[in-house]
S.K.: 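Below is the structure I would like to discuss, written out as structure tokens.
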Amino acid sequence: MDIKAIVAVCKQWRSACSETETTRPPPFPLLKLSETQVDSNTRQCFFNLCDGRRYQLELSRIRGKRCWGSPHGWVIALGPDYEPHLEPLEHLDERVAPIALPPLNPIRRMAPIEEWFRLVHKFILFKESDHEYLSFLVFAIFGPINRLAFTRVGEGADLNNRRGQGEWVIVNNPNHWEFKDVARFQGQLYGLCDNGMLVRFELDDPQSARVDRHAYPPARTQDVREPQKLYLVESQENLYGVFRFGELLEGSLNKTTGFSVFKFNFSGSNWEEVKDLGNHALFVGDSNSWCIPTIPLISVNGGSIVRSNSIFFTDDNWERQMFAGVAYGGHDVGVFDMASGDIQPLPFGKDTPLYYSRPIWVAPSLLFSVFCFLIIEKSVFCS
């Protein structure tokens with residue numbers, strides 16, 4: 001992205017870029033809302049927690065597809081054609097083009113009866129360290145027993161003919177562990193399996209990509225009733241295991257009832273319960289899970305919904321979706337207060353999702369952040 005070209009546009013753009021580059025905290029997630037039958041064919045709607053308002057962005061290529069978010073300014077989109085791709089939010093920069101992911105044939109062979117929108121439970125996207133090129137490591141948790149596959153796409157020295165370049169590789173898993181989430185902490189890849197077991201990946205092992213157990217689950221979670229969702233979240237200092245509990249309501253809908261959070265003690269190789277996240281918030285769902293500092297964030301127009309010591313969550317329970325074309329979920333979206341245990345819905349208005357679509361977290365890129373800043377300044381919102 002050419003920052004010099006952006007700042008040359010006008011004084012307002014120059015001011016916004018200066019703010020973004022020097023003082024802006026890490027990108028705070030936006031909530032990409034569900035697709036509905038009344039939506040525009042080309043625009044997607046986003047809810048901004050920092051000002052409590054909705055915005056629209058032209059993203060025609062992901063219309064009619066299930067999407068997964070990421071903290072890198074990209075979403076992963078998959079449609080009925082089973083051809084996934086990475087879609088940039090930076091549509092203001094015409095040089096940033098979509099990136100095709102490899103065909104899902106190896107994954108489809110292992111889950112032949114899954115419908116297209118339920119084939120992959122979770123895509124998890126990591127940006128590789130080569131800053132000169134766009135290159136990504138992508139994980140897919142898929143199938144009825146939550147198997148794991150990965151691929152590497154893009155270009156640059158980080159790929160360098162490594163395993164997974166341009167193809168999906170199934171991670172060797174002789175113990176048949178069920179994968180729940182993947183995170184990269186201090187350069188090492190970890191996964192959360194079964195009811196909270198921590199594992200470590202060796203994707204470039206000479207024999208095959210493999211997974212090794214690193215620690216057993218936290219003792220408190222071993223007898224917790226289903227349903228529950230598990231997430232693995234990295235911050236600069238800690239690796240968190242997040243456990244989400246809920247209950248089944250009439251109409252096959254799920255309602256979140258609470259969370260438990262643990263951090264991993266690498267010295268003692270054990271989990272320690274966390275009661276206070278301090279000036280941080282966690283974001284979980286069926287995409288990347290991440291941790292954001294909340295203190296530097298500024299409330300815009302007095303409408304901020306940002307809270308410290310909280311967990312923001314989206315509806316990622318697809319197990320009750322029994323029939324294609326019928327929407328069962330998308331409504332279990334809210335924020336959990338770690339101190340009080342209270343749960344409140346997010347006030348993003350009416351949402352009637354199509355069967356393949358749910359709200360997801362996405363983190364804006366630098367250019368998209370500038371775009372949102374300018375829209376806020378002009379008070380141009382979607383109805």
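Note that the structure is a prediction, hence the values are computed from the model and not measured. Keep in mind that the numbers below use all heavy atoms, side chains included, and drop hydrogens, waters and symmetry copies. Throughout, residue positions are numbered sequentially from 1 according to the sequence presented.
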S.K.: Taking atom CZ of F201 and atom CG of L137, what is their separation to the nearest 0.5 Å?
M.R.: 10.0 Å
S.K.: How close do A281 and T294 get, heavy atom to heavy atom, and via which atoms?
M.R.: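 Looking at all heavy atoms of both residues, the closest pair is CB-CG2, 3.7 Å.
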S.K.: Any side-chain to backbone donor/acceptor pair from T257 onto F245? Under 3.5 Å, distance only.
M.R.: yes
S.K.: In terms of ring plane angle, is the pair Y190 and F185 parallel, tilted or perpendicular, where the classes change at 30° and 60°?
M.R.: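 Taking F185 first and then Y190, their aromatic rings sit tilted (interplane angle of 30° to 60°).
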S.K.: May I ask you to check whether Y356 and E115 show a side-chain donor-acceptor distance below 3.5 Å?
M.R.: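 On atom types as modelled, these side chains do not qualify, holding no pair under 3.5 Å.
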S.K.: Grab the two heavy atoms, one from M338 and one from D276, that are nearest each other, plus how far apart they are.
M.R.: CE-N, 4.3 Å
S.K.: With a 4.0 Å cut-off, would you call R307 and D337 a salt bridge?
M.R.: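 Between D337 and R307 there is no salt bridge, as every charged N stays at least 4.0 Å from the carboxylate O atoms.
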S.K.: Rounded at 0.5 Å granularity, tell me how far OG in S135 sits from CD in Q165.
M.R.: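 These two atoms lie 10.0 Å from each other.
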S.K.: Between the side chain of R66 and the main-chain N/O of F117, is any donor-acceptor distance below 3.5 Å?
M.R.: yes
S.K.: Taking N238 for the side chain and Y240 for the main chain, is one N or O donor matched with an acceptor at less than 3.5 Å?
M.R.: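 The answer is no, because no donor-acceptor pair under 3.5 Å joins these two groups.
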S.K.: How close do A77 and I62 get, heavy atom to heavy atom, and via which atoms?
M.R.: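 Result for this residue pair: CB-CG2, 3.7 Å.
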S.K.: I'd like to know if M110 and I107 are part of one continuous hydrophobic network [Ile/Leu/Val/Met/Phe/Trp/Tyr, side-chain heavy atoms within less than 4.5 Å].
M.R.: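 In one cluster: yes.
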S.K.: So do N105 and Y82 actually touch side chain to side chain, heavy atoms under 4.5 Å?
M.R.: no
S.K.: Salt bridge check, E35 against R63: does any charged N sit closer than 4.0 Å to a carboxylate O?
M.R.: yes
S.K.: For residues L189 and W168: do they belong to one hydrophobic cluster (side chain heavy atoms under 4.5 Å, members Ile, Leu, Val, Met, Phe, Trp, Tyr)?
M.R.: no
S.K.: Find the distance between NE2 (H176) and CD1 (I145) and round it off to the nearest 0.5 Å.
M.R.: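 The NE2 atom of H176 sits 7.0 Å away from the CD1 atom of I145.
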S.K.: Run the salt-bridge test on E87 and K65 with the 4.0 Å N-O cut-off and return the result as yes or no.
M.R.: no
S.K.: Of all the heavy-atom pairs spanning P359 and L31, show the shortest one and how long it is.
M.R.: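 That would be CB-CD1, 3.8 Å.
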S.K.: Using the ring pair (Phe, Tyr, Trp, His ring centres under 6.0 Å) rule, pick out the option among F243, F259, F313 that qualifies with F336.
M.R.: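 Of the listed options, the one satisfying the test is F259.
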S.K.: Indicate the atoms forming the closest heavy-atom contact of P102 with V153, along with that distance.
M.R.: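 Nearest heavy atoms, P102 then V153: CD-CG1, 3.9 Å.
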S.K.: May I ask you to test the V335-L49 pair for a side-chain heavy-atom distance under 4.5 Å?
M.R.: no
S.K.: Between S34 (side chain) and P353 (backbone), is there a donor-acceptor pair under 3.5 Å?
M.R.: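 Not confirmed, S34 side chain does not pair with P353 backbone.
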S.K.: At what distance, to the nearest 0.5 angstrom, does CH2 of W361 lie from OG of S289?
M.R.: 12.0 Å
S.K.: With side chain to side chain contact (heavy atoms under 4.5 Å, CB included) as the test, would you mind laying out the steps for W68 and L125 before giving the verdict?
M.R.: CA-CA 9 Å; W68 293 260; L125 183 67; over 6 Å; no
S.K.: Can you measure from CG (D81) to CG (L104) and round to the nearest 0.5 angstrom?
M.R.: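 Those atoms lie 9.5 Å apart.
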S.K.: Side-chain heavy atoms under 4.5 angstrom apart, residues restricted to Ile, Leu, Val, Met, Phe, Trp, Tyr: same cluster for F150 and L192?
M.R.: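 No; tracing contacts between hydrophobic side chains, which count when under 4.5 Å, never links both residues.
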S.K.: Would D315 and N254 count as a side chain to side chain contact (heavy atoms under 4.5 Å, CB included) here? Give the steps.
M.R.: CA-CA 8 Å; D315 192 337; N254 282 276; 5.5 Å; no
S.K.: Between T256 (side chain) and G246 (backbone), is there a donor-acceptor pair under 3.5 Å?
M.R.: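 Absent.
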S.K.: In terms of the angle between their ring planes, are F139 and F126 parallel, tilted or perpendicular, with boundaries placed at 30° and 60°?
M.R.: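 The rings of F139 and F126 stand perpendicular, inter-plane angle above 60°.
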S.K.: Using the benzene-type ring in the case of Trp, are the ring centres of F283 and F312 under 6.0 Å apart?
M.R.: yes
S.K.: If we ignore hydrogens and angles and just use 3.5 Å, is the side chain of N146 paired with the main-chain N or O of E178 as donor and acceptor?
M.R.: no
S.K.: Without swapping roles, check the side chain of N309 against the backbone of L277 for a donor-acceptor pair under 3.5 Å.
M.R.: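 Yes.
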S.K.: Report yes or no: do L282 and L346 belong to one cluster of Ile/Leu/Val/Met/Phe/Trp/Tyr joined by side chain heavy-atom distances under 4.5 Å?
M.R.: no
S.K.: Which distance, rounded to the nearest 0.5 Å, do you find between the SG of C67 and the CD1 of I360?
M.R.: 5.5 Å
S.K.: Given the rule in the side chain to side chain contact (heavy atoms under 4.5 Å, CB included) test, do E234 and L239 qualify, once you have shown the distances and angles that lead to the verdict?
M.R.: CA-CA 5 Å; E234 74 273 14; L239 184 63; 4.2 Å; yes
S.K.: How close do P98 and H85 get, heavy atom to heavy atom, and via which atoms?
M.R.: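 Closest approach of P98 to H85, heavy atoms only: CB-CD2, 3.9 Å.
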S.K.: Do the side chains of P217 and D194 get nearer than 4.5 Å, heavy atoms only?
M.R.: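 When only atoms from C-beta onward are counted, P217 and D194 do not touch, as no gap falls below 4.5 Å.
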S.K.: Do I292 and V306 have side chains that get closer than 4.5 Å, going by heavy atoms?
M.R.: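 Counting from C-beta outward, I292 and V306 never come under 4.5 Å.
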S.K.: Without swapping roles, check the side chain of R163 against the backbone of L203 for a donor-acceptor pair under 3.5 Å.
M.R.: yes
S.K.: How about V261 and I311: do any of their side-chain heavy atoms sit closer than 4.5 Å?
M.R.: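 Contact flag for V261/I311 side chains = yes.
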S.K.: I'd like to check R244 versus D332 (side-chain heavy atoms, cut-off strictly below 4.5 Å). Are they in contact?
M.R.: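 R244 reaches D332 side chain to side chain.
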S.K.: Any side-chain heavy atom of F46 within less than 4.5 Å of one from L59?
M.R.: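 Heavy-atom side-chain distance check passes, below 4.5 Å.
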S.K.: I would like to know whether N48 and R53 meet side chain to side chain contact (heavy atoms under 4.5 Å, CB included); could you show each step before the answer?
M.R.: CA-CA 6 Å; N48 188 351; R53 288 175 170 160; 5.6 Å; no
S.K.: Are the side chain of N265 and the backbone of N270 linked by a donor-acceptor contact shorter than 3.5 Å?
M.R.: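 Answer holds: no.
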S.K.: Any side-chain heavy atom of K180 sitting closer than 4.5 Å to one from I141?
M.R.: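 The answer is no, as the side chains (C-beta and beyond) never meet within the 4.5 Å cut-off.
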S.K.: Taking the side chain from T151 and the backbone from G164, do they hold a donor-acceptor pair closer than 3.5 Å?
M.R.: yes
S.K.: Treat each ILVMFWY residue as a node, draw an edge where side-chain heavy atoms are under 4.5 Å apart, and state whether F136 and V120 are in one component.
M.R.: yes
S.K.: For the pair F266 and F264, evaluate ring-ring contact (aromatic ring centres under 6.0 Å, His included) and give the outcome as yes or no after the intermediate values.
M.R.: CA-CA 6 Å; F266 284 88; F264 190 71; 4.8 Å; yes
